[in-house]
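All values derive from a computational prediction rather than experimental measurement. Numbered from 1 within each chain, the chains take letters A, B, ... in sequence-line order.
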Number of protein chains: 2
Amino acid sequence: MEKKDDFDLENFLPFLLNQAAEESSLAFQKVYKSRYGLLRTDWRVLFHLGIYGRMTAKEIGQRSKIHKTKISRAVQRLAERRYLTRTRDENDRRSEHLELTPAGEAVYRDLRGIAEDYDARLTAQFTRGENALLRVMLRRLAGMG
Amino acid sequence: MEKKDDFDLENFLPFLLNQAAEESSLAFQKVYKSRYGLLRTDWRVLFHLGIYGRMTAKEIGQRSKIHKTKISRAVQRLAERRYLTRTRDENDRRSEHLELTPAGEAVYRDLRGIAEDYDARLTAQFTRGENALLRVMLRRLAGMG
DNA sequence: GGGTAATAGTTGTTTTTGTAACCAACAATA
DNA sequence: TATTGTTGGTTACAAAAACAACTATTACCC
């Protein structure tokens, strides 16, 4: 298609990053959605608990930069499904400790395996060095550098 | 924080890409939102018309992979603001040609300039070679490779 | 030509998200 | 020990996205 203006939208980072993020999330999303009815924030919270064990909503927020209302709602959904338990902190009764139940652990382990395979497939398209550089650059762009 | 399980969430591409995409979109979003009250899909449609000139909703969809209902509503909003005009195709009366008005062009040029500056700032963090590689990899991941 | 399928785009309904206001528990200060 | 400010987390309401069903027009094909 003939161009009227030469701005390069396809190389504009916010656009390109979004397209890559969406496309690369799609197949994984299908799994956690169809298999467990989870939302994006749900699996993220689940993974945080699976990886780090018992933690509070606040700690999850600090680590992931997910907004606290989203976390609050994800925790509700996961608790309804009995994937996690909530226990008040006796020293500070405002916060509560979240922890996966055995059922939650099982879901985590299943999805974790799928995530690993999936990431390996994405990664296999590039060389080791390219992949390392990509991660560094993305972390920097994400403000996690 | 001590880990219970060693899955590397921060390097899981779908997660990392999303974080980078969100973070890198934020500052630009503030501009098109506060200055013109536009939504994400709105500026994308606007940019397509600014770059390629007159085109149909379908063509925009093919090029951007934005869903047709999102495009339909973005076009409505842009038309209400008199940023574009819609004219039926006489050969195929199902489709209509979209084209920016002078007002729409002005908004496009303003945002285009900001996008260029913004992208330049993001890009300045890396070397020329790193940037080239990043684009290639992202396009591949986005299925635009 | 008449019937069926395909296509461009729209609309309606339900989910999710964003934003701000809110509660309850704690901290700090006077 | 009142007072004021913070903090962890929730809720309410408005805005936006997802999904499916729909209209109108064109294409196919017997």
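Rounded to whole Å, atom P of C:dT16 lies 16 Å from atom CD1 of A:Ile66. The distance from atom CD of A:Gln29 to atom C1' of D:dC19 is 13 Å, rounded to the nearest whole Å.
A salt bridge links B:Arg135 with B:Asp119; the closest basic N to acidic carboxylate O contact falls under 4.0 Å. Checked for salt-bridge contact, A:Arg112 and B:Asp6 meet the test: a charged N lies under 4.0 Å from a carboxylate O.
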Exercise. Kindly indicate, with the supporting measurements, whether the criterion ring-ring contact (aromatic ring centres under 6.0 Å, His included) is fulfilled by A:Trp43 and A:Tyr36.
Key: CA-CA 10 Å; A:Trp43 80 258; A:Tyr36 299 107; over 10 Å; no
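Note on residues 32-50 of chain B: pairs passing salt bridge (charged side-chain N to carboxylate O under 4.0 Å, His left out), not counting sequence neighbours, are B:Arg35-B:Asp110, B:Asp42-B:Arg77.
Mapped onto DNA chain C by nearest heavy atom, A:Glu90 and B:Asp92 fall at different nucleotides, with B:Asp92 at the one closer to the 5' end.
Checking each of A:Arg54, A:Glu59, A:Arg86, A:Met55 against A:Leu98 for a side-chain contact (heavy atoms from CB on, under 4.5 Å) leaves exactly one that passes, namely A:Arg86.
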Quiz item: Just by protein heavy atoms under 4.0 Å, how would nucleotides 9-18 of chain D read 5' to 3' in B, S and -?
Solution: BBBBB--SSB
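In this structure, B:Asp89 reaches neither bases nor backbone, as no heavy-atom distance under 4.0 Å exists between it and the strands shown.
Evaluation of the salt bridge (charged side-chain N to carboxylate O under 4.0 Å, His left out) rule for A:Arg81 yields no partner, not counting sequence neighbours.
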